[in-house]
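Heads up, the thing below is written out as C-alpha cells.
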Protein chains: 2
Amino acid sequence: MGSRASGELDAARRRRRTGTAIKESLRELSIQLSLLNHQVGARLNLKDVDLDCLELINRHGAMSPSALARRAGLHPATMTGILDRLERGGWIARDRATDDRRAVIVRSLRDRNAELYRLYGGMNSAMDRICAGYTEDQLDLLADFLRRATEAGNDATGDLAG
Amino acid sequence: MGSRASGELDAARRRRRTGTAIKESLRELSIQLSLLNHQVGARLNLKDVDLDCLELINRHGAMSPSALARRAGLHPATMTGILDRLERGGWIARDRATDDRRAVIVRSLRDRNAELYRLYGGMNSAMDRICAGYTEDQLDLLADFLRRATEAGNDATGDLAG
DNA sequence: ACGTCTCATATGGGTTCCAGAGCATCGGGC
DNA sequence: GCCCGATGCTCTGGAACCCATATGAGACGT
C-alpha cells in the first residue's frame, strides 16, 4: 500500500477523533452551562426549569401556557405552578387573549433583565475575551456552527418527544 | 472623516454584533440541550439533575458524594436521594473506601451506557453530518472554542457558588 | 340550543428537596 | 492508649413540587 493511501487513512481517523472530541465537548459544555443556570436560578429563588421557561418566552415570544408546556416537555398543570412562581417574582405577566377569552398569553416583563444580565456578567465578559482572539470570519464560522447545533438539538428533542 | 475611519468603525460594529450573536446562540444552545436532556431523562425515569450528576461522575471520575454535591451545587442530603435513584436504576455503585471507612466512593457502572448512547443517537448523527461539512482545521478551531467556553462556564459557576 | 372540544387552573397523592440531627469514623494532642 | 473536635454520609420532618385527573369557562359545529 502506498503512502498516499495510508496518509488518507490517518487523515480520516484524525477527522473522526476530532468529531468525537467536538461531540464530547458539546456535552460537557451543556452540563457546565446547566450548572451555571442552577447557580443563577438559586440567586433568584427560581428553579432551573423556571429559568428555562423564562428564556423560552424571551426567545420565541409571548405564547400560551400549553404551547410553552409542549415546548418544554412538561405537563400543562406543571406549567401553571411554574408560571405562578415567575409571575410572583415579577418576571412575566399573564394576559387574557382578546379573541379567545379562555386563552392566556404569557408575556415577558423586562423589568428584572438587568439583574439577570449581571448574574451572567462573569460568563459574558469571559466570552468577550475569548471572542476577541478570533477574526471576523472565524466568528462567523462559530456563530453558524452554534446555530446549526441548536437546530440539531431541537430536531433530536422533537423526535424523542414525538 | 475619511472612508478608512468609517470602514474601521463598521468593522468594529459588525464584530461586536457577531460576538453578541455568539453569546445568544450559546445561551439558546444551552436551553436546547437542557430540553434534550430532559427528554432523555424522562425515558430513563431519571430527573434532569440525576443525569447531570451521572455525567459529572463519568467526566471527572469516581468521587465521594459530598464532593459531587459541591460540584453540582447541591446539599449533601439531596445527593443521597439522587444517588439512591441512580443506584436503584443500576447506573452507579457505592463503594466504601478502604482507607477511610466513613467515606463512600461513587463509581459509574457502564452497563447501561449503550441505552444512553442510543437515546442521544439522533443528536450524535446530526452532529456528524454537521461536522462533515468542515475542514480538519475548522474542526480544530471549533473544538478549541468549545473547550474554552466550557472552561469559562466553569469559572463563572465557581465565582457564583463561592 | 346542544353537545363536544379546548384551555387554564384547582385538587389530591406521591415524590423530591433541603436543613438539621444522628451515627460512625478519622486525626491530632496529651 | 484515650479523648475531642472535625469530617462524611444518611435519616427525619416539613415544605414545596410534579403530575394525573377533575372542574369550570368559553369556543365551535350542527
Side-chain angles (χ1 to χ4, degrees), chain A residues 34-35 37-54 56-57 62-89 91-108 161, chain B residues 34-35 37-54 56-57 60-89 91-108 161:
Chain A
S34 285
L35 294 178
N37 256 2
H38 182 74
Q39 291 298 333
V40 170
R43 301 269 178 137
L44 300 169
N45 287 319
L46 291 176
K47 309 281 164 200
D48 295 13
V49 67
D50 301 356
L51 263 183
D52 284 348
C53 290
L54 180 60
L56 281 175
I57 300 168
M63 68 181 98
S64 75
S66 41
L68 188 54
R70 271 192 300 275
R71 262 193 202 284
L74 292 164
H75 197 279
T78 306
M79 190 52 67
T80 300
I82 293 172
L83 294 178
D84 285 348
R85 278 196 298 274
L86 286 174
E87 194 175 30
R88 212 181 306 139
W91 297 99
I92 58 149
R94 286 197 254 218
D95 299 333
R96 210 149 270 279
T98 53
D99 54 338
D100 183 345
R101 294 201 315 185
R102 297 168 302 180
V104 167
I105 303 295
V106 180
R107 176 170 48 89
S108 169
Chain B
S34 285
L35 295 178
N37 256 0
H38 182 74
Q39 292 298 332
V40 170
R43 300 270 179 138
L44 300 170
N45 287 319
L46 291 176
K47 309 282 165 200
D48 294 14
V49 69
D50 300 355
L51 263 183
D52 285 347
C53 290
L54 179 60
L56 280 175
I57 300 168
H60 297 90
M63 67 182 100
S64 76
S66 42
L68 189 54
R70 273 192 299 274
R71 264 193 200 284
L74 293 163
H75 195 280
T78 306
M79 190 53 67
T80 299
I82 293 171
L83 294 179
D84 285 348
R85 279 196 297 275
L86 286 174
E87 194 174 31
R88 212 181 307 139
W91 297 99
I92 57 149
R94 286 196 254 218
D95 297 335
R96 207 149 276 275
T98 54
D99 53 338
D100 183 345
R101 294 202 315 180
R102 298 169 300 181
V104 167
I105 303 295
V106 179
R107 176 171 49 88
S108 169

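Here is the naming used below: chain letters follow the sequence lines, and residue numbers restart at 1 for every chain. Fair warning: this is a prediction, and the values are worked out from it, not measured in the lab.
- Contacts of B:D50 classified as salt bridge (charged side-chain N to carboxylate O under 4.0 Å, His left out), with partners at least two apart in sequence or in another chain: B:R85.
- When DNA chain C is scanned in the 5' to 3' direction for atoms under 4.0 Å from non-hydrogen atoms of chain B, the outermost contacting nucleotides are C:dT16 to C:dC26.
- Not counting sequence neighbours, the partners of A:R102 by the side chain to side chain donor-acceptor pair (under 3.5 Å) test are A:D100.
- Residues passing the salt bridge (charged side-chain N to carboxylate O under 4.0 Å, His left out) test with B:R94, sequence neighbours excluded: B:D84, B:E87.
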Chi angles and distances behind the side chain to side chain contact (heavy atoms under 4.5 Å, CB included) call for B:I57, B:W91: CA-CA 11 Å; B:I57 300 168; B:W91 297 99; over 6 Å; no
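- At least one side-chain heavy atom of B:L74 sits less than 4.5 Å from a side-chain heavy atom of B:I82.
- Counting non-hydrogen atoms under 4.0 angstrom, B:V49 reaches the backbone sugars and phosphates but no base.
- In this structure, the side chain to side chain contact (heavy atoms under 4.5 Å, CB included) partners of B:A93, at least two apart in sequence or on a different chain, are B:D95, B:R107, B:L109.
- When the P atom of D:dC9 is taken as reference, atom CG of B:L74 falls 14 Å away, rounded to whole Å.
- The backbone N or O of A:G73 sits less than 3.5 Å from a side-chain atom of B:H38, completing a donor-acceptor pair.
- Sorted by residue number, the members of residues 91-101 of chain A with any non-hydrogen atom under 4.0 Å from DNA chain D read A:D99, A:D100, A:R101.
- Not counting sequence neighbours, B:R71 has no partner by the salt bridge (charged side-chain N to carboxylate O under 4.0 Å, His left out) test.
- If B:G81 and A:A103 are placed on DNA chain C by their nearest nucleotide, the residue sitting closer to the 5' end is A:A103.
- Note: CG (A:D52) to C1' (D:dC18) measures 16 Å, nearest angstrom.
- Counting to the nearest Å, the P atom of D:dC18 and the NZ atom of B:K47 are 9 Å from each other.
- Rounded to a whole Å, the CZ atom of A:R102 is 12 Å from the C1' atom of D:dG24.
- In the set D:dC18, D:dC9, D:dA20, D:dC9 carries the atom at the smallest distance from any side-chain atom of B:V104.
- Across the protein-nucleic acid pair, B:I105 atom CD1 and D:dG8 atom P stand 11 Å apart, rounded to whole Å.
- At whole-Å resolution of the value, CD1 in B:I82 and P in D:dC9 are 14 Å apart.
- Of the residues in residues 37-46 of chain B, not one places a heavy atom less than 4.0 Å from an atom of DNA chain D.
- Shown here are the salt bridge (charged side-chain N to carboxylate O under 4.0 Å, His left out) partners of B:R101, two or more places apart in sequence or in another chain: there are none.
- Remark: B:N37 engages B:Y120 in a side chain to side chain donor-acceptor pair (under 3.5 Å) (not counting sequence neighbours).
- Two residues, B:D84 and A:D50, neighbour DNA chain D, and the one matched to the more 5' nucleotide by heavy-atom proximity is B:D84.
- If you measure from atom CG of B:L83 to atom P of D:dC11, you get 12 Å, rounded to the nearest angstrom.
- Across all strands shown, A:S66 has heavy atoms under 4.0 Å from sugar-phosphate atoms exclusively, and none from any base.
- Across the protein-nucleic acid pair, A:H75 atom NE2 and D:dC19 atom C1' stand 6 Å apart, rounded to whole Å.
- Not counting sequence neighbours, A:A42 has no partner by the side chain to side chain contact (heavy atoms under 4.5 Å, CB included) test.
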Result block: side-chain N/O donor-acceptor pairs under 3.5 angstrom for residues 62-70 of chain B, not counting sequence neighbours:
unit_1: B:S64; atom_1: OG; unit_2: B:S66; atom_2: OG; d: 3.3
unit_1: B:S64; atom_1: OG; unit_2: B:A67; atom_2: N; d: 3.2

